[in-house]
Amino acid sequence: MDQGEPAVTGDGRIVLVGGYGAVGQVLAPLLGQWFPGRVVVAGRSLQRARELTGRVPNGLTAQRFDVYRPDEFDSILHNADVVVMCVERANEALARECLSRGIGYVDICATAAVLDSIHRLHEVAVSNAATAILSVGLAPGLTNVLARLCVDRLPTARSVDITVLLGAGGDHGSDSLRWTVEQLGQRIDRAAPPSPARVRTWLPGFGRRRTHAFAFSDQHTLTSTLGIPVTTRICFDSAMLTRILFSLRAAGFFALVRRLGGNNILHAALTRWRAGTDRFVIHAAANGAAEKRIWFAAAGRQECRATAIFTAQVVRRLLRAGMPPGVRHIDQLVEAEAFLAELPAESFTLHSGSAGIR
């Protein structure tokens, strides 16, 4: 990992864009405890921002901000040390503005194309001694760190398989559900060679489950950063729901819904679906020669809450210790085992196993 000179941090504002959403409602109070008086909850709805800040006794500030209004950048970025992007809207434009001003930037976006567009700002960040951290959250994020730990433990790994199990009754944010609906409309016949699109994976607390390749960004970035093929698959706590959704995807149903402009209807239907638990499992396994295999997994409840806790740890590291200037993914910036040890055990239960390794 690159260990250049850390970016300078101060005592300026911590701006959460979309900070009153499902992740921000947990992230803002947590950061407010660690950095009282510095956290700004920002978004297009000043009323929603004020509703959140009014419930939290840690000196949070509410401010209206529309990412599509460049004339509002000066106001929101004034005296800011770091901006945390909790929504997927005009991410590259805001990231460029932050980095050109020497302001840190953290993004929980899950779309590969968006992350790629921000990654291309690396030289802008370096020139202005600013740090941007991408792939922050559960997937990408925790998936990246677990995959890195697997390869650290099995340096001869030839491939990595990542599995994400989500609870159908969890605290899914609106943007997260919308992203999932969009990806269901992207039919995937095969994962990146040589890995099959569908496999059965043993997951702590759930046993062996059929999992399906899905367009998470981590597999693209990790294939590059680790230098070996990485495939990410998904399933839900309900095996029946998993079977139904991916049978429909294989039949082209979601692609048809997308072409007919019905994604909003589908999104609304999934928003009301609560026939499941709020449990999640993030699992990563490195595969080596002679059937050598090592895996690590993290299990918990309430994915948005867990995303917020993970993100808060990243922001705290950036502000308290500093990180090298430039644009990098989380697995390129932290030592995996040490970072996982910092995550609260009540939110993340860690599991591990191996085969063919002495």
With a 4.5 Å heavy-atom cut-off, do Asp81 and Leu318 have their side chains touching? no
Count the heavy atoms belonging to other residues, nucleotides or ligands that lie under 6.0 Å from NE2 of His351, then report whether that count exceeds 12. yes
Quick one: do the Thr232 and Asp218 side chains pair a donor with an acceptor below 3.5 Å? yes
**Item:** Arg317/Glu342 salt bridge by N-O under 4.0 Å criterion
**Value:** yes
Practice problem: Could you tell me whether the side chains of Ser75 and Gln63 share a donor-acceptor contact shorter than 3.5 Å? | Solution: yes
Test: Arg153 and Glu337 ion pair at under 4.0 Å
yes
Exercise. Thinking salt bridges, do Arg233 and Asp161 make one under a 4.0 Å N-O criterion?
Worked result: yes
Review point. Heavy-atom count around Glu346 CD within 6.0 Å, excluding the residue itself: above 12?
Key: yes
Relative to each other, are the rings of Phe246 and Phe214 parallel, tilted or perpendicular (30° and 60° limits)? perpendicular
*asked:* Between the side chains of Arg89 and Asp66, is the shortest nitrogen-to-carboxylate-oxygen separation below 4.0 Å, so that they form an ion pair?
replied: no
For the pair Phe310 and Phe339, name the ring-plane relationship: parallel under 30°, tilted 30 to 60°, perpendicular over 60°. perpendicular
Margin query: Can you see whether Ser159 engages Asn287 through a side-chain donor-acceptor pair at a distance of less than 3.5 angstrom?
Written below: yes
Original post:
Can Arg13 be said to sit on top of Phe35's aromatic six-ring, NZ or CZ under 6.0 Å from centre and within 45° of the ring axis?
Top reply: no
Margin query: Using a strict threshold of under 4.0 Å (side-chain N to carboxylate O), is an ion pair present between Asp278 and Arg301?
Written below: yes
### Message
Is it the case that the side chain of Asn128 and the backbone of Ala125 share a donor-acceptor pair, with hydrogens and angles ignored and the cut-off at 3.5 Å?
### Response
no
*Is any side-chain heavy atom of Cys86 less than 4.5 Å from a side-chain heavy atom of Val17?*
no
Is a side-chain donor or acceptor of Gln25 paired with a backbone partner of Tyr20 at a separation under 3.5 angstrom?
yes
Carboxylate-amine/guanidinium contact Arg64 Glu72, below 4.0 Å:
yes
Worksheet item: Under 6.0 Å between ring centres, would you say that holds for Phe206 and Phe280?
Response: no
Notebook entry, point to check: Around atom CZ of Arg50, are there more than 12 heavy atoms of other residues, nucleotides or ligands at under 6.0 Å?
Noted result: no
Would you confirm whether the ring centroid of Phe73 sits within less than 6.0 angstrom of the ring centroid of Phe65?
yes
Look at atom CZ of Arg200 and say whether more than 12 heavy atoms of other residues, nucleotides or ligands are closer to it than 6.0 Å. yes
| For Trp202, is the NZ or CZ atom of Arg208 found under 6.0 angstrom from the centre of its six-membered ring and inside 45 degrees of the ring axis? | no
* Got a salt bridge between Glu92 and Arg96, using NZ or NE/NH1/NH2 to carboxylate O under 4.0 Å? -> yes
